[in-house]
Amino acid sequence: MATRRALKAVLVDLSGTLHIEDTAIPGAQEALKRLRSAPVTIRFVTNTTKECKRTLLERLRRLQFDISEDEIFTSLTAARNLLEQRNVRPMLLVDDSALPDFQGIATDSPNAVLIGLAPEHFSYQSMNQAFRLALDGAPIIAIHKARYYKKKDGLALGPGPFVTALEYATDTQATVVGKPAKTFFLEALRSTGCGPEEAVMIGDDCRDDIGGAQDTGMLGILVKTGKYRAGDEAKIRPAPHLTCDSFPEAVDHILKNLL
């Protein structure tokens, strides 16, 4: 890892770290206000694919989080950027509420498969259509490959198992654009003007949030909310810089020890 420099940027995961669906993590709003008093740039980085950025922002504001749209970097944004760079016409295997983020992308006669979290569309028919496209050479683009995520009623399958099924059936590898891809973290940092050695990531996913950030050169703080399960911190090497109970405790550590 590169030599650490003074902390200038904090990347914060959303679902499971600041909120779970329509419920905020206790104390998270006030903790964010405390973090904003520090001389750091904040970005909110999320693999959420079930809703477009506008809907996500509306949810966060209903929960009284002081967040602006230009502070949010989503895996949907990264996916759209890649589709435009490659100039492909994707089969969009995403939730209907995510479609506004792909407005203007041509999808007729698809020659690529874009797959995110789409519980209402993960049918045999849709997966078989994606399988046939990929078998004919269409690249598979995974918005992310999370194994599972946290809902109010418990853990739920993420898109990862479905992406892996397509990879297995077609003997190909998907391109992953969201966390933990290094390109995702670097793109999120680009607008801050900071390098990885000047940044810390806070999240509830040991692999995608913390492992990915630390592989990029950042520090990682794992929180025991959302999808966290006992022992997660032992699943990655190097281990998280810190594991703490929640986002407010992570902010306290940053304010006391990293500035």
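Under the 4.5 Å side-chain heavy-atom criterion for grouping Ile, Leu, Val, Met, Phe, Trp and Tyr, V251 is connected to V200 within one hydrophobic cluster. With hydrophobic clusters built from ILVMFWY side chains whose heavy atoms lie under 4.5 angstrom apart, L155 does not share a cluster with L157. Residues F122 and I140 are members of one and the same hydrophobic cluster, defined by side-chain heavy-atom contacts under 4.5 angstrom among Ile, Leu, Val, Met, Phe, Trp and Tyr. By the rule that hydrophobic residues join a cluster once side-chain heavy atoms approach within less than 4.5 Å of another member, L219 and L35 end up as members of one cluster. No continuous path of hydrophobic side-chain contacts links L14 to L117 [ILVMFWY only; heavy atoms under 4.5 Å].
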Report task. Begin from the C-alpha positions of S191 and R43 and carry the test side-chain hydrogen bond (donor to acceptor under 3.5 Å, both in side chains) through to its verdict. Result -> CA-CA 9 Å; S191 67; R43 289 292 180 269; 3.0 Å; yes
Report task. Mind running side-chain hydrogen bond (donor to acceptor under 3.5 Å, both in side chains) on E58 and T55 for me, showing each step along the way? Result -> CA-CA 5 Å; E58 290 170 353; T55 303; 4.7 Å; no
Query raised in the report: Stepwise, does the salt bridge (Lys or Arg N to Asp or Glu O under 4.0 Å) test hold for D66 with K33?
Result: CA-CA 8 Å; D66 178 20; K33 291 178 182 178; over 6 Å; no
Requested in this report: Apply side chain to side chain contact (heavy atoms under 4.5 Å, CB included) to the pair I141 and V176, showing each step before the final yes or no.
Outcome: CA-CA 6 Å; I141 301 171; V176 181; over 6 Å; no
Report task. Go through I143 and V94 one step at a time and tell me if the side chain to side chain contact (heavy atoms under 4.5 Å, CB included) criterion holds. Result -> CA-CA 9 Å; I143 299 178; V94 300; 3.8 Å; yes
Query - Candidate pair D101 and K53, rule side chain to side chain contact (heavy atoms under 4.5 Å, CB included), full reasoning - result: CA-CA 7 Å; D101 281 358; K53 183 188 287 191; 4.0 Å; yes
**Report entry** From CA spacing to verdict: side chain to side chain contact (heavy atoms under 4.5 Å, CB included), I236, I210
**Finding:** CA-CA 8 Å; I236 60 171; I210 308 308; 3.8 Å; yes
Query raised in the report: Taking it one step at a time, do D232 and K235 satisfy salt bridge (Lys or Arg N to Asp or Glu O under 4.0 Å)?
Result: CA-CA 5 Å; D232 276 356; K235 294 178 179 178; 3.0 Å; yes
Report task. Report the C-alpha distance between E197 and K8 in whole Å, list the side-chain angles of each, state the deciding distance to 0.1 Å, and finish with yes or no for salt bridge (Lys or Arg N to Asp or Glu O under 4.0 Å). Result -> CA-CA 9 Å; E197 70 281 359; K8 294 182 180 179; over 6 Å; no
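Checked by atom type and distance alone, the side chain of N257 pairs as donor or acceptor with a backbone atom of H253 at under 3.5 Å.
Note that CG of D136 is 9.0 Å distant from CZ of F131, once rounded to the nearest 0.5 Å. Distance check, rounded to the nearest 0.5 Å: CG of L57 to CD of E51 gives 10.0 Å. Note that the CG atom of N47 and the OG atom of S75 stand 4.5 Å from one another [nearest 0.5 Å]. Between atom CD1 of residue I20 and atom OG of residue S15 there is a gap of 7.0 Å, rounded to the nearest 0.5 Å.
Proximity of I202 to D13: side-chain heavy atoms (C-beta onward) are nowhere separated by under 4.5 Å. Looking at heavy atoms from C-beta onward, L93 lies out of side-chain contact with L114 at the 4.5 angstrom threshold. Between K179 and M201 the shortest side-chain heavy-atom distance falls below 4.5 Å. Using a 4.5 Å heavy-atom threshold, the side chains of Y228 and V223 count as separate. D204 is listed as a side-chain neighbour of D209, based on a closest heavy-atom distance under 4.5 Å. A heavy-atom distance below 4.5 Å is found between the side chains of V10 and V40. Looking only at side-chain heavy atoms (C-beta outward), F184 and V45 come within less than 4.5 Å of each other. Contact of the T74 side chain with the I72 side chain is registered, since non-hydrogen atoms from C-beta on lie closer than 4.5 Å.
Taking each heavy atom of T23 and K152 in turn, the nearest pair found is OG1-CD, 4.1 Å. Minimum interatomic distance between L258 and L7 (heavy atoms only, all atoms of both residues): O-CB, 3.5 Å. Here the shortest heavy-atom pairing between I25 and H19 reads CG1-N, 3.7 Å. Across all non-hydrogen atoms, the minimal contact from R34 to P248 is NH2-O, 3.5 Å. L189 and A9 make their closest contact through CD2-CB, 4.2 Å (heavy atoms, listed as atom of the first residue, atom of the second, distance). Closest heavy-atom contact between D245 and T225: O-CG2, 3.5 Å.
Annotation: cation-pi geometry satisfied between K227 and Y148 (NZ/CZ under 6.0 angstrom from ring centroid, within 45° of ring axis).
Heavy atoms of other residues, nucleotides or ligands lying less than 6.0 angstrom from CZ of R89 number more than 12. Counting heavy-atom neighbours within 6.0 Å of R54 CZ, excluding the residue itself, gives a total of 12 or less. The neighbour count for D153 CG, taken as heavy atoms of other residues, nucleotides or ligands under 6.0 Å away, is above 12.
Salt bridge annotation for R59-D22: present, with a cationic side-chain nitrogen under 4.0 angstrom from a carboxylate oxygen. Electrostatic pairing of E84 and R80 counts as a salt bridge here, judged by a charged N lying under 4.0 Å from a carboxylate O.
Proximity of the aromatic rings of F65 and F44 is defined here by a centroid distance below 6.0 angstrom, and this criterion is not met.
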